[in-house]
Student: 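One structure coming up, written as C-alpha cells, with questions to follow.
When reading the values below, keep in mind they use all heavy atoms of this one structure, side chains included, and skip hydrogens, waters and symmetry mates.
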Number of protein chains: 2
Amino acid sequence: MQDCEFCAIKSKAVETLNPDELDILKQNCAEVTLQPGESIIKEGLLSSHIAYLKSGLAKICKKGVKGVDQILKIVKPGSYLGMQTVLSNKLHQYSSSAIEESVVCYIDIWSFKELITRNAQFANELILYLCRDELGYFNRFVNVHQKQIDGRLADMILFFSDEINESEKSFRVPLSRNDMAALVCATRESVTRAIKDLSEIGTIRVNGKHFEIVNYDLLKKISEKG
Amino acid sequence: MQDCEFCAIKSKAVETLNPDELDILKQNCAEVTLQPGESIIKEGLLSSHIAYLKSGLAKICKKGVKGVDQILKIVKPGSYLGMQTVLSNKLHQYSSSAIEESVVCYIDIWSFKELITRNAQFANELILYLCRDELGYFNRFVNVHQKQIDGRLADMILFFSDEINESEKSFRVPLSRNDMAALVCATRESVTRAIKDLSEIGTIRVNGKHFEIVNYDLLKKISEKG
DNA sequence: ATATGAATGTGATTAAAGTCACAAAAATAT
DNA sequence: ATATTTTTGTGACTTTAATCACATTCATAT
C-alpha cells in the first residue's frame, strides 16, 4: 500500500483529493517495479486497473491490420496508462510496456471511478489531462503524414532530447531500431538509413542507442520542413 | 436562447444536469445554422466557446507542416467541437467547418467549466466522451499507416455507409475529391485512382459524389486486409 | 573463449503513391 | 446562353520508402 499523499510525482488530479479520498486511493493502489520490456497493460485483455507511471519510461503500442505493432507514444512519469480504455471500454485497446526500469502504480478502476464521481475537481483535472493528451495525438497524426522519414526521425530525436532528457544534447534512446521504426511509422531499414542521412549532414552523431545532437538548429529545420 | 432541456439530441453529459444547471447552460448557449463550407471554429484563433453539433455534418481539420490541411475526422450530430482546445489551451488547435447544412450550439467556455466543477456526473460523461474519442483516433492512427490507399478509401466508404447513413448502401459523400484525399491521407489523384480500382473490381459504383456499395463483403475485406 | 541467436547495416530491387501537365466535365457567374 | 472558374480524370514520370537477401556486429549463454 502506498502513501499517495506524499507521492513524489503526484498528479494534478490527485492533488485535488481530500484526506478521505486520498485514503480511498491509498487503499486501492499497488506499486510495482518493472524491468525494461515488462508489460504494464495488454491489448485485448479485460481491463481492471489504471496504471500511473511514477518513474521510468514506457511505450504505448497498438496492433495494426498487418499484425505489426505501432508505437502510439512514449510516455514519461506522471502519465496514466489505460485510462481511456478502462473508462469507456471493457477490453484494453492498446498495450503498454516499460522501456526502462519503471515504477508503476496500479489503481483499481472502481476506486478511480468513485473518485471521479465524488470529486468534480479530480474529474476536471482528468478532463484537462485527456484534452492535452488528445491534442498531442492530433499533432502527431498530421506530422507523421506530412513529414518524410528524416523529418519524423528528427522529431523523435528532438523529443528524446527536449522532453525526456531535459534538453541534454547527448542521451540514450532506449529503443531498438525496430521500435524506433514502429514509433516513426517506418521500417527498421529506413530508420537505419535516415540515421545515416542525419549523421552525414552533420546534425547528429550516433553510436548504437547513444545519440548526440551536433547541430540543433539544422535538426530543428529538418523536423519543421518535414 | 435555447431550451436545452428539450434538445432533440441532448448529450449524455447534459442529461445529468439538474434544472439550475440546465438554466446556466440555457443562458449561455446560442444556436446557429450553418451552410456547407461555413466555419465553426478556426485553428489559431482565441477560443471562447465550445460548439455542439446538433444536426448536419462537419469536418475537423488541422494544418500540417506543408500548409496542407489534413482532415482528422468527420463528426456527426452529438459531437462537441473545440472541447480539447478550449479546456487546455488558449488557441484553437484545429479548425472545423460544416460540410452539410448544420445546426450548432455555441456554449460559453466559462459556463461549460462551471458545469464541470459543479456536477461531477457531467464531468464524468465528458471524460467518457473524451476517452471514446481518443480511442477512435488511436484506431485511425494505426489504420492510416498500415493500410494502403484502397484500404483507406474502403474505410471511408464504410464509414459513410455504416456511421453516417444508417448502413444504407447508396449515399452521397459530401466531400470533394480533395477533401476525401485529406481524410484518407493521400492526394486527389490517388483518390481518383483508388475509386476507379474499387469500381473496376465491382465493390462499388460511383457517380460524382454519389456512392453505392455493390459488394459489401469484398469492400470489408479490402478494408480489413489493408 | 566459443557458440548461438538477436539486432543492425547495406545494397539491389520493387512497389506504392506523389508530382506534373493537361484535358474534360461540372459548377458558378455574367 | 456563354464565359469563367473550379473540380475531376488521366497518362507519363519521379520519388520515397518498402521489401528482400545477406553480411556484420553485438549480446548472451555455455
Student: Could you check which of dA17(C), dA18(D), dT10(D) has an atom nearest any side-chain atom of Ile149(A)?
Tutor: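 Of all the options, the side chain of Ile149(A) is nearest to dA18(D).
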Student: Between Met180(A) (CE) and dA7(C) (P), how many Å, whole number?
Tutor: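 Checked: the CE to P distance equals 13 Å.
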Student: Which residues pass the side-chain contact (heavy atoms from CB on, under 4.5 Å) test with Ala182(B), sequence neighbours left out?
Tutor: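 side-chain contact (heavy atoms from CB on, under 4.5 Å) check on Ala182(B) returns Ile71(B).
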Student: Respond yes when some side-chain nitrogen or oxygen of Lys209(B) is under 4.0 Å from OP1 or OP2 of dT7(D), and no when none is.
Tutor: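 Checking dT7(D) against Lys209(B), no side-chain N or O comes under 4.0 Å of OP1 or OP2.
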Student: Starting at the 5' end of DNA chain D and moving along, which residue's nearest nucleotide shows up first, Lys66(A) or Leu175(B)?
Tutor: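 Final value for this comparison: Leu175(B).
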Student: Atom CG of Asp150(B) and atom P of dA17(C): how far apart are they, to the nearest Å?
Tutor: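 It works out to 7 Å between those atoms.
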Student: For residues 147-163 of chain B, pull every pair meeting salt bridge (charged side-chain N to carboxylate O under 4.0 Å, His left out), keeping only residues two or more places apart or in separate chains.
Tutor: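 Of all non-adjacent pairs touching residues 147-163 of chain B, those that pass salt bridge (charged side-chain N to carboxylate O under 4.0 Å, His left out) are Lys76(B)-Glu163(B), Lys147(B)-Asp155(B).
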Student: Provide, to the nearest angstrom, the distance between the NZ atom belonging to Lys147(B) and the P atom belonging to dA18(D).
Tutor: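 Taking NZ of Lys147(B) and P of dA18(D), I get 18 Å after rounding.
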Student: Do any pairs count as a salt bridge (charged side-chain N to carboxylate O under 4.0 Å, His left out) and have a residue in residues 125-140 of chain A, sequence neighbours left out, and if so which ones?
Tutor: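 Every salt bridge (charged side-chain N to carboxylate O under 4.0 Å, His left out) pair that includes a residue of residues 125-140 of chain A, provided the two are not neighbours, is Lys73(A)-Asp133(A).
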Student: Indicate the ring-plane relationship of Phe211(A) and Phe171(A), choosing parallel, tilted or perpendicular according to the 30° and 60° boundaries.
Tutor: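 Parallel: the ring planes of Phe211(A) and Phe171(A) meet at under 30°.
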Student: dT19(C) base to Arg193(B) side chain: any donor-acceptor pair below 3.5 Å?
Tutor: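 Yes, the side chain and the base share a sub-3.5 Å donor-acceptor pair.
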Student: Please tabulate, for side-chain N and O atoms in residues 194-204 of chain A, each donor-acceptor pair with protein atoms closer than 3.5 Å (sequence neighbours left out).
Tutor:
residue, atom, partner, partner atom, Å
Ser199(A), OG, Ile195(A), O, 2.8
Thr203(A), OG1, Leu198(A), O, 2.6

Student: Which salt bridge (charged side-chain N to carboxylate O under 4.0 Å, His left out) pairs, counting each pair once, include a residue from residues 172-191 of chain A, with sequence neighbours left out?
Tutor: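 Qualifying pairs, neighbours excluded: Lys59(A)-Asp179(A).
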Student: For DNA chain D, determine which residues of residues 182-191 of chain B have any heavy atom closer than 4.0 angstrom to one of its atoms, and list them numerically.
Tutor: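 Only Arg188(B), Glu189(B) qualify.
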